[in-house]
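I have placed the structure first, in the form of structure tokens, so that the comments after it can refer back to it.
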Amino acid sequence: MAKRLFSLFTFPFLLLTALKPALAHGIGQTYTLPLPLWLYLWGSGAVVFLSFVVIGLFIGKRKITPDTKITVSTTTLRIPQLPLRILQFVSLFLFFLTILTGLFGNQDPVKNFSPNFIWAVFIIVFVVTSALFGNYWQYLNPFKIIFNLIEKLLPKPVSLNITYPKSLKYWPAVAFYLAFIWLELASGFSAEPRILAFFIVIYSTITFWGMILFGKDTWLEGGEFLTVLANFLSRFSPLEYKNEAIFIRNPVNKLIDNGKIDFSLVMFIILTLAGVAFDSFKESPLFFQILAVFGLESTSPQVYQSLGVLLMSAPYLLLYFFFSALGKILSGTKETMATFASTFALSLLPISLAYFVAHFYSLFLIQGQALIYLVSDPFGIGWNLFGTAGYEMKIGFLRADHVWFSQIGLIVLGHVAAIYLAHYIALNVFINHRQAILSQYPMATLMIFYTVFSLWLLSQPIVVQTSYPTPPTYYTLAYASPPYPVPINYP
Amino acid sequence: MDKRNLTIIGALAVVAIVVILFFTLRPKTQTPIVQPPQTAQTPIVQETPAPKLFEFLIKGKKLAKPEQTIKVTEGEDVLFKITSDEVEEFHLHGYDISKDLEPNQSVEIQFKADKTGRFEFELEKSKITLGALEVLPK
């Protein structure tokens, strides 16, 4: 058993090492211009100003009694079964199509369904629709659908139901989420169809083993990062699904209802902030200046970007702890700093979501168009199933100034929502009104830091990163000093 | 009307004023004024302004000039004169313009910068990014 298990885990890794990746190029261009200075200044000004407005609204306001937890519409809405089955089928279909096109399709990223679907469509649509329409992922998660099917087909229970180690908490999900960010932003081969497909296969294997060992729901809740992400994002939606029924709830109550969350989830939220930020940060002049200080600028991009992804959340976390400590001291609460941090972490979600959408929506609108021709030819082998294979991507419709304004608008909105939420939580947690208000000055300052940093990142000039000759194998990149110079030029 | 409503209305009024200020104080991007050569007395028929010229020099697959990020304003005519020291293909993303390069021969590309955004240009054959053209909105 152990031996078979081992081979199941290592098989995909062995295959991976045998691959010779070329460096991807040409996918993921969004043509977005950096924010001009005047907009950055106005945006930052608005952020500081609106923070005071929100704080002002809460002064003098007494403790908020949370509304009744679930507001059910008079007639309970049932989830219609036929559309649900169809959507589940579509989910499964897309899951297998992504893997198959990645493994066996044309390996030119531009002509392959897999990387275009995952990076330019799936992850963005997943985040936005989960926030809008609630936790539908619990029904459409392909891992769960497959597992349910297997359970139905087999007479004996599939799950061994070994007790999930308590200390693991949500850490597996945090680790996989970090791996996901690394693959997307730092690995250098995110757009390589076959490698991407291998990663999906590896992740699926681990997820299935997790479900087999610890039970389906236990593992999905703690170890499947998309489920954890959906659980967070669906709090923004007024819709809630429980026991095949649809409920309507006030999102504010959903966003604060558990109050204190586990530290591993705090880390997960910090990762949502830091991960997207790193995508902009890795192109900024400051990043290359920091690399130069540590003498890392001549290593390969994979090495320094991987380091960057790993370290990016550190300053975010330290800043959060620092201001949590300040909030604890100012409010004079007897709780520990860690408890304070766990209590308010959920209020960071709007900043994170707003920045994600602001950063990635142009990728969806531009690169996402690739799907129009790829649905006709997902493997990139000359098919024309729906007659759209000749579609040419349009870019003129997305004006740079419209992108700027929407980015600023989204980020400012996210910031206001975050300050509002944090106050709401404070008024619920602290019995003393004065304590609640005092605890929020450090929180508001922290959020101003985070938000202005987001705006600053978007306003940074983009350093042109010239590519370098394709290395013979992945090993030369990872383990040897690169035989080619990596030019860095400041704008 | 209680104090609280007044605060809200006051806050909204201030926000409205800030938004109005924001749009009225928005700086205009400077369009370079190209003066057509003034010939004596003849009434000047509106000439098309001379295109904005960038001379590229590519040596050893690197851009020797101009700087890596070049900026133009939306609607301007742009002229690239490209000289490379080896056989290559020049490709401008977004506008999707490609041109073959011969060693030490100047090649010209002219186009109207009608799409805003940041567009990288590269050596297509060796997949090396040279720099980027930023087309700023009018």
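Worth saying up front: this structure is predicted, and the values here are computed from it rather than measured. As a basis for the values below, the full set of heavy atoms in this structure was taken, side chains included, without hydrogen atoms, waters or symmetry mates.
- Of the atoms belonging to A/Pro34, it is side-chain heavy atoms, and not backbone ones, that fall under 4.5 Å from chain B.
- Only the side chain of A/Phe49 comes within less than 4.5 Å of a heavy atom of chain B; its backbone N, CA, C and O stay farther away.
- Within 6.0 Å of NZ on A/Lys111 lie no more than 12 heavy atoms contributed by other residues, nucleotides or ligands.
- Looking at heavy atoms from C-beta onward, B/Phe119 lies in side-chain contact with A/Ile395 at the 4.5 angstrom threshold.
- Distance NE2/B/His93 to OH/A/Tyr31: 6.5 Å, rounded to 0.5 Å.
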Derivation and outcome, side-chain contact (heavy atoms from CB on, under 4.5 Å), residues B/Glu74 and A/Arg399: CA-CA 10 Å; B/Glu74 182 187 2; A/Arg399 287 185 54 86; 2.5 Å; yes
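- For chain B, no part of A/Ile366 is nearby; none of its heavy atoms comes within less than 4.5 Å.
- At least one side-chain heavy atom of B/Pro137 sits under 4.5 Å from a side-chain heavy atom of A/Leu33.
- Remark: the backbone N or O of A/Ile462 is paired with a side-chain donor or acceptor of B/Arg118 at under 3.5 angstrom.
- Considering OG1 of B/Thr116 and NE2 of A/His402, their distance stands at 8.5 Å, rounded to 0.5 Å.
- For B/Glu134, the parts sitting under 4.5 Å from any heavy atom of chain A are the backbone and the side chain alike.
- When every heavy atom of B/Thr69 is checked against every heavy atom of A/Val464, the shortest pair comes out as OG1-CG2, 4.1 Å.
- For B/Leu123, no part lies under 4.5 angstrom from a heavy atom of chain A.
- A pairwise comparison of heavy atoms in B/Gly117 and A/Ala400 identifies N-CB, 4.1 Å as the closest pair.
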